[in-house]
Amino acid sequence: MRFLILLFLIVLFGCQAKESKPVLRSCKDCHHYELDEKHHFACTKCHQGRSSAATAKEAHQGLIASPASPSNWGRACGSCHAEKIKEMERSPHFTLVGVINPVLKAFDLPAVSSINGLPEPEKIKNRADLVYDLLRRRCLRCHLFYKGDDYPETRRGTGCAACHLLYGNGKLMDHTFIKTTPDRLCLHCHYGNRVGFDYYGLFEHDYPYAFRSPLIDGDLPPRPWGVEFHEMAQDVHLKAGLSCLSCHTGKELMAGGKGPACTDCHELDHKSPFHAKEVLAKVRCSACHAKFSFQDRGYYLMLQYDPDWEDWAEFYVQGSSEVENFIVRSAQGDELEPSMLDKISGKPRPGIWFLGFKERRFEDLPLGRDKTGKISIMRPLLDLHLSFVDEYGEVIFDNLTPYAVKKDPQKVYLPYSPHTIGQADYFRAQKILEMLHENRHLEPQRR
């Protein structure tokens with residue numbers, strides 16, 4: 001009898017001990033993502049952490065959530081793709097010097113060699129700080145350091161994942177690495193009135209109510225990119241089935257290689273006066289063939305440390321989820337500290353940057369010359385007007401404009417190649433021939 005009781009106790013406590021032992025789980029028990037064949041290895045190779053653990057807290061010890069981001073890609077992606085990483089860090093698509101330096105030059109500030117060299121001001125003490133803060137917190141929302149605004153088609157991965165992992169509806173859709181980036185991912189950055197949006201025949205609405213889309217069956221229209229837009233004619237190449245990467249190769253985007261030329265694919269009849277070799281050498285093809293162009297004039301940007309949301313309620317749709325969130329939630333009664341993230345460092349700082357335009361047009365295509373002397377469509381990208389109101393309501397800067405523009409108002413214009421290609425505008429082409437024949441100095445002119 002004693003033997004049976006002893007045996008019962010051994011079995012009972014043995015079962016209890018077995019049941020109380022922690023159950024080890026793997027990453028895929030919680031994260032149901034499949035890898036492609038070339039990346040079919042342990043999650044910890046890139047993300048580190050622990051491959052098996054009893055709790056999420058234990059599994060996530062030492063975890064790298066975004067191994068493909070620029071701060072981590074050297075030890076993650078770079079362990080196999082070191083040369084690609086080095087090329088990428090030198091490419092204009094990463095450094096963004098072509099976007100940043102024209103603004104710095106216009107305000108008489110020193111150029112930078114990369115986005116990493118852009119100063120990060122803790123407080124706005126002078127005009128330089130205001131320009132740097134503008135770029136870091138309001139303008140540079142599309143680069144490899146930032147995961148994008150909080151809209152369905154603007155969220156993306158950082159670093160390599162921005163182009164090579166599929167995001168949609170605001171979240172990661174698949175962990176299969178894509179070699180050929182679909183246009184959907186390109187538009188996660190190239191939306192609003194930027195190259196890419198025009199390829200799809202889209203033009204962003206102005207912000208006031210009068211320019212907004214009407215309700216659809218009583219509901220607000222969808223805004224997958226956070227903005228409302230007109231639907232225009234699509235680029236002829238898109239209609240023919242060409243994607244962004246059909247022309248813009250990985251060698252160009254990731255390694256800073258030479259971009260495409262129209263004559264790479266199109267054989268032209270040089271007997272035509274419009275396609276004569278001496279004309280093609282002096283004129284961009286888009287100068288004649290662009291159907292419309294983004295012409296946003298008068299960028300009025302105001303930084304306010306303590307804004308009254310009611311003053312901006314009409315302008316809550318600005319393509320910035322931070323601005324929209326502040327205005328909408330304040331209207332709902334929430335008390336929020338006005339702040340925005342630094343899109344490069346990820347740090348929040350006080351104040352909200354609001355944006356408005358003097359006018360937004362698409363039918364006028366002004367002409368000018370690029371740095372090589374070729375006739376080009378121009379955009380008033382440096383038509384900037386910056387203001388700053390501190391926490392006490394004191395106006396520190398009012399309507400600060402670039403020095404270069406004060407000296408020469410025509411310098412607000414920069415050359416631009418609209419991705420709105422179609423049949424050439426005969427009258428514009430004829431005007432360009434007359435200008436070449438007369439060898440006139442070309443300034444951007446508004447009709």
Passing candidate, side chain to side chain donor-acceptor pair (under 3.5 Å) with Ser321, options Thr154, Asp150, Asp149: Asp149

Steps toward side-chain contact (heavy atoms from CB on, under 4.5 Å) verdict (Phe197, Val227): CA-CA 11 Å; Phe197 220 50; Val227 300; 4.3 Å; yes

Full working for side-chain contact (heavy atoms from CB on, under 4.5 Å) between Arg50 and Gln61: CA-CA 7 Å; Arg50 298 176 61 184; Gln61 288 180 1; 4.3 Å; yes

Any Phe41 side-chain heavy atom under 4.5 Å of Cys46 side chain: yes

Lys431/Asp425 salt bridge by N-O under 4.0 Å criterion: no

Between CZ on residue Phe354 and CG on residue Asp311, distance to nearest 0.5 Å: 8.5 Å

Side-chain H-bond candidate by donor/acceptor type, Asp383 with His385, under 3.5 Å: yes

Beyond-backbone contact of Ser114 with Phe94, side-chain heavy atoms, under 4.5 angstrom: yes

Check against ring pair (Phe, Tyr, Trp, His ring centres under 6.0 Å), His31 and Tyr33: CA-CA 6 Å; His31 304 284; Tyr33 291 120; 7.1 Å; no

Polar side-chain atom of Asp334 near backbone of Leu336 as donor-acceptor pair, under 3.5 Å: no

Side chain Glu314, main chain Tyr209, donor-acceptor under 3.5 Å: yes

Stepwise side chain to side chain donor-acceptor pair (under 3.5 Å) check, Tyr151 with Glu324: CA-CA 11 Å; Tyr151 297 113; Glu324 181 173 341; 2.6 Å; yes

Rounded distance (nearest 0.5 Å) linking atom NE2 of His39 with atom CZ of Phe177: 5.0 Å

Geometric class of the His230/Phe203 ring pair [parallel <30°, tilted 30-60°, perpendicular >60°]: tilted

Ion pair Glu252/Lys258, N-O distance below 4.0 Å: no

Test item: side-chain donor near acceptor, Trp73 and Glu89, under 3.5 Å: yes

Point-to-point distance, once rounded to the nearest 0.5 Å, from CD of Glu322 to OG of Ser339: 7.5 Å

Positive for salt bridge (Lys or Arg N to Asp or Glu O under 4.0 Å) with Asp342, one of Arg137, Lys347, Arg349, Arg141: Arg349

Asn126 side chain to Asp129 backbone, donor-acceptor under 3.5 Å: yes

Side chains of Ile432 and Lys282 in contact at under 4.5 Å (non-hydrogen atoms): no

Backbone of Gly201 reached by a side-chain donor or acceptor of Asp198 within 3.5 Å: no

Interatomic distance, Tyr316 atom OH to Tyr207 atom OH [nearest 0.5 angstrom]: 13.5 Å

Minimum side-chain heavy-atom gap Glu153-Leu187 below 4.5 Å: no

Parallel, tilted or perpendicular: ring planes of His419 versus Tyr199, cut at 30 and 60 degrees: perpendicular

Ring pair (Phe, Tyr, Trp, His ring centres under 6.0 Å) between Phe357 and Phe211, worked out: CA-CA 12 Å; Phe357 298 92; Phe211 297 94; over 10 Å; no

Qualifying residue, where the test is side-chain contact (heavy atoms from CB on, under 4.5 Å) with Tyr300 and the options are Asn399, Leu386, Leu355: Asn399

Check against side chain to side chain donor-acceptor pair (under 3.5 Å), Arg379 and Ser293: CA-CA 8 Å; Arg379 282 188 69 181; Ser293 171; 5.3 Å; no

Any donor-acceptor N or O pair under 3.5 Å, side chains Ser417, Arg284: yes

Side-chain heavy atoms of Glu337 within contact of Pro350, under 4.5 Å: no

Phe294 and Val195: CA distance, side-chain angles, deciding distance, side-chain contact (heavy atoms from CB on, under 4.5 Å) verdict: CA-CA 9 Å; Phe294 298 138; Val195 173; over 6 Å; no

Any donor-acceptor N/O pair, Arg329 side chain to Phe326 backbone, under 3.5 Å: no

Check: Asp306/Tyr392 side-chain N/O donor and acceptor closer than 3.5 Å: no

Spatial distance of atom CG (Asp36) from atom CG (Asp174) [nearest 0.5 Å]: 9.0 Å

Side chains of Trp312 and Gln304, donor plus acceptor under 3.5 Å: yes

side-chain contact (heavy atoms from CB on, under 4.5 Å) between Met254 and His93, intermediate numbers included: CA-CA 7 Å; Met254 293 185 64; His93 215 186; over 6 Å; no

Whether Phe229 and Trp225 hold their rings parallel, tilted or perpendicular, with breakpoints at 30° and 60°: perpendicular

Asp296 and Arg361, any side-chain heavy atoms less than 4.5 Å apart: no

Main-chain N/O of Ile327 paired to Ser330 side chain as donor or acceptor, under 3.5 Å: no

Atom pair CG (Leu303) and CD1 (Ile352), whose distance is rounded to the nearest 0.5 Å: 9.0 Å

Donor-acceptor under 3.5 Å (Arg297 side chain, Glu359 main chain): no

Under 3.5 Å: donor-acceptor pair, side chain of Arg369, backbone of Val283: no

Flag for His289-Gln423: side-chain donor and acceptor within less than 3.5 Å: no

